[in-house]
Amino acid sequence: MAGDITCGSLLQKLQLVWDEVGESDEDRDKVLYELDQECLDVYKRKVDQATNSRDLLIQALDDSKIELARLLSALGRKGCLQELKREFINVQSQIDQICGEIAGTLEVGEQVATPQVNEDDLTLERLEEFRSQLQELEKEKSNRLEKVLEYVSIVHDLCTVLGMDFLSTVTEVHSSLDDSIDDNCKSISNDTLSKLDKTVATLNEDKKLRLNKLQELAGQLYDLWDLMDAPKEERRMFNHVTCNRSASVDQVTAPGALALDLIEQAEVEVQRLDQLKYSKMKEIAFKKQTELEDIYAGAHIVIDTAAAHEKILALIEAGNIEPSELIADMDRQIAKAKEEALSRKDILDKVERWMSACEEESWLEDYNRDDNRYNSSRGAHLNLKRAEKARILVNKIPALVETLVAKTRAWEENRGLSFMYDGVPLLAMLDEYVMLRQEREEEKKRMREQKKYMEQPIHTDHEGPFGSRVTVSPNRPVSSKKVLGPKSNGVSNGTPPNRRLSVSGIQNGGHGVKSGGKDSKKDSAKTASPVNANAAASPVNANAAAVPKEDATSHVSGTDPAPNTP
């Protein structure tokens, strides 16, 4: 029965067992794969054992032949001696061949001269020494060939990137390095390896220099493109040049990426753009100047734009400065302007809040003087809500001004400069505003007292033009003349007529606003004088009803009196 057992029958039996236990296909494949590997390992071991046995038999046969030849020679049989001598010649010839190839005195495959054999020393020990030497040389030859092939591959890759002819480059080192020649026939000499090493070093240096040149050109292209606002379509035409702008030497591997014609193409484009830059210099410079002026305008810094334009135009027309130097200088000015604007940002933000609050303050003054503000007209409720918010904002103005003054003084002390806002010292604007605000409060107080005095009832009646007795009603105004409000001073409650120049009078010598304030006082006095005269002409009843407290205080606190209810 043992003779009937085969691999096929065992495999069939294994399949039946798997079917019974429900083994998965994945596990079956894994076991079958392991069986195949084990069988393969067994075969390999057997083949290796057979090969070793064969080599040992061959070696033993060779040794036996040599020993036989020696014995025969000792017995006077010269035929075996001649065979031993040929073995020495064969081994020594191979040694000389490899040594010649390494030294470069022999080409690969070239026949060497028959070596001289010392017939007095034809022992097996001597032959074994030659064989050991031959094995070392064969190993050295194999290592050298591997090194040569590695060099050739590197040269091929470098030539591809640099756009150079690989065949002419590599055959310049040695003609046997051509791809058409078998690897075993390639030169492995010291000279060939040295030349290959130098060639690789030279190509690597060329690659580095070309990449640096190309990256420099790419940087110039970007600068010129940005300078002249080149369209994207024009830039895309040189993507193959700019794609390696920030790449390292090892990262550049694309064929022709560093070819000379590509570098020349980039150089021509740089020269073209550089020449074009001169013709567009005026446009570019004025564009930079506009950017600079916008920064200063946004920071409310006044500069002499006309003089700056004239200076730029004179420099360009005189040709005393390189365009790149002019643009670089303007870029430095822009950077300095941005830095200056940044240092002023916090103060300017608060100035903006202050001016917005002043506008609301002005609106609130007009709203409080409107006798119809509580009518049920369309939008009245919106104005009422705005008034509530405006009062809150106006109440914050003194604290905002105080903070703004402190920050402005700190800024000036830190820089030793006056903080100018559209050509006007900001502290002067703030001082002017505080003074005007105080004057307005005094004016409001005087007007409230005058109104209170005017609205008191008269004790005695006086005779009318036809003899009738006329009583002055407390609700009838004695004078219909309107008292001029704070807006008569031309700055609308201290708010500048425009938001760029807060106090226009200061720009014209520093007297406009102050003199306007004095004039408003005179106008108010003239307006009020006839009212005061009429009021003084008649006695008043000290016990008459006064103006309600809420109405009297509304002009001071900013609150609006409640509407009269029927």
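Proximity of Phe419 to Leu348: side-chain heavy atoms (C-beta onward) are separated by under 4.5 Å at one or more points. At a threshold of 4.5 Å between non-hydrogen side-chain atoms, the residues Phe238 and Leu217 do not count as touching. The closest side-chain heavy-atom distance from Arg236 to Lys232 is below 4.5 Å. Residues Leu149 and Glu146 are not in side-chain contact: their nearest non-hydrogen atoms beyond the backbone lie 4.5 Å or more apart. Two residues are said to be in side-chain contact when any heavy atoms from C-beta on lie closer than 4.5 Å; Leu158 and Val161 fail this criterion. Residues Gln289 and Lys311 form no side-chain contact, since every pair of their non-hydrogen atoms from C-beta on lies 4.5 Å or further apart. Within the 4.5 Å cutoff, the side chain of Trp411 has heavy atoms near those of the Leu417 side chain. Between Lys141 and Arg144, every side-chain heavy-atom pair lies at or beyond the 4.5 Å cut-off.
Between the Thr169 side chain and the Asp165 main chain, a donor and an acceptor come within less than 3.5 Å of each other. Side-chain atoms of Lys186 come within 3.5 Å of backbone atoms of Asp178 as a donor-acceptor pair (strictly under, hydrogens ignored). Of the possible donor and acceptor atoms, one in the side chain of Asn395 sits under 3.5 Å from a partner among the backbone N and O of Arg391. Between the side chain of Thr202 and the main chain of Lys198, a donor-acceptor pair closer than 3.5 Å is present. A donor-acceptor pair is defined here as one N or O able to donate and one able to accept, closer than 3.5 Å; such a pair exists between the side chain of Ser343 and the backbone of Glu340. Although no hydrogens or angles enter the test, the distance criterion places no donor-acceptor pair under 3.5 Å between the side chain of Thr192 and the main chain of Ile188. Of the possible donor and acceptor atoms, none in the side chain of Gln220 sits under 3.5 Å from a partner among the backbone N and O of Gln271. For Lys207 (side chain) and Val249 (main-chain N/O), a donor-acceptor pair under 3.5 Å exists by modelled atom type. In this structure, the side chain of Asp197 does not engage the main chain of Leu193 through any donor-acceptor pair within 3.5 Å.
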Could you walk me through whether Arg369 and Glu365 pass salt bridge (Lys or Arg N to Asp or Glu O under 4.0 Å), step by step? CA-CA 6 Å; Arg369 287 194 295 269; Glu365 289 286 344; 3.7 Å; yes
Carefully, step by step, assess Thr171 and Leu177 under the rule side-chain contact (heavy atoms from CB on, under 4.5 Å). CA-CA 6 Å; Thr171 53; Leu177 301 180; 5.7 Å; no
Met435 vs Glu439, side-chain contact (heavy atoms from CB on, under 4.5 Å): CA-CA, chis, key distance, verdict: CA-CA 6 Å; Met435 181 191 71; Glu439 290 179 358; 3.8 Å; yes
Please report the C-alpha distance between Val155 and Phe166 in whole Å, then the side-chain angles of each, then the deciding distance to 0.1 Å, and finally whether the side-chain contact (heavy atoms from CB on, under 4.5 Å) criterion is met. CA-CA 7 Å; Val155 171; Phe166 163 69; 4.0 Å; yes
Quick one: do Arg386 and Trp363 satisfy side-chain contact (heavy atoms from CB on, under 4.5 Å)? Show the steps, please. CA-CA 10 Å; Arg386 179 179 176 183; Trp363 178 88; 3.4 Å; yes
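Atom CD of residue Glu339 and atom CZ of residue Arg344 lie 13.5 Å apart, to the nearest 0.5 angstrom. Taken to the nearest 0.5 Å, the SG atom of Cys159 stands 5.0 Å off from the CG atom of Leu203. Distance check: Leu221 CG to Glu234 CD gives 9.5 Å after rounding to the nearest 0.5 Å. Atoms CD and CG, on Glu293 and Asp304 in that order, are 10.0 Å from each other to the nearest 0.5 Å. Note: Leu436 CG to Glu443 CD = 12.0 Å, rounded to the nearest 0.5 Å. Residue Glu269 holds its CD atom at 9.0 Å from CG of Leu224, rounded to the nearest 0.5 Å.
Shortest non-hydrogen contact noted between Leu326 and Leu315 is CD1-CD1, 4.2 Å. The nearest pair of heavy atoms linking Ser176 to Cys185 is CB-O, 3.7 Å. Scanning all heavy atoms of the two residues, the minimum distance from Ser189 to Ser187 falls at OG-OG, 3.4 Å. In terms of heavy-atom proximity, Val241 sits nearest to Ala218 at O-CB, 4.2 Å. Nearest heavy atom pair, residue Leu292 against residue Ala337, reads CD1-CB, 3.5 Å. Minimum interatomic distance between Ser175 and Ile181 (heavy atoms only, all atoms of both residues): O-CD1, 3.4 Å.
No more than 12 heavy atoms of other residues, nucleotides or ligands shown are found within 6.0 angstrom of CD on Glu172.
In this structure, Lys147 forms a cation-pi arrangement with Tyr151, its terminal cationic atom sitting closer than 6.0 Å to the ring centre and no more than 45° off the ring axis. Cation-pi geometry between Arg245 and Tyr222 is met: the NZ or CZ atom falls under 6.0 Å from the ring centre, inside 45° of the normal.
Salt bridge annotation for Glu449-Lys452: absent, with no cationic side-chain nitrogen under 4.0 angstrom from a carboxylate oxygen. The pair Glu361-Arg437 counts as a salt bridge, with a side-chain nitrogen and a carboxylate oxygen less than 4.0 angstrom apart. Between Lys213 and Glu267 a salt bridge is recorded (basic side-chain N to carboxylate O distance below 4.0 Å). Under 4.0 Å is where a charged nitrogen must lie from a carboxylate oxygen, and between Lys445 and Glu441 no such pair does. Using a cutoff of 4.0 Å between basic side-chain nitrogens and carboxylate oxygens, Asp349 and Arg353 are not scored as salt-bridged. With respect to Glu360 and Lys396, no salt bridge is recorded, no charged nitrogen being found less than 4.0 Å from a carboxylate O.
A donor atom on one side chain and an acceptor atom on the other are not found under 3.5 Å apart for Glu352 and His300. Under the 3.5 Å distance criterion, with hydrogens and angles disregarded, a donor-acceptor pair is assigned to the side chains of Asp329 and Gln333. For the residue pair Glu442 / Gln438, no side-chain donor-acceptor distance below 3.5 Å is found, with atom types taken as modelled.
The residue from Leu400, Thr408, Leu404, Leu430 that alone fulfils the side chain to side chain contact (heavy atoms under 4.5 Å, CB included) condition with Val351 is Leu404.
Within the structure, ring-ring contact (aromatic ring centres under 6.0 Å, His included) pairs that include any residue of residues 169-196 do not occur (at least two apart or interchain).
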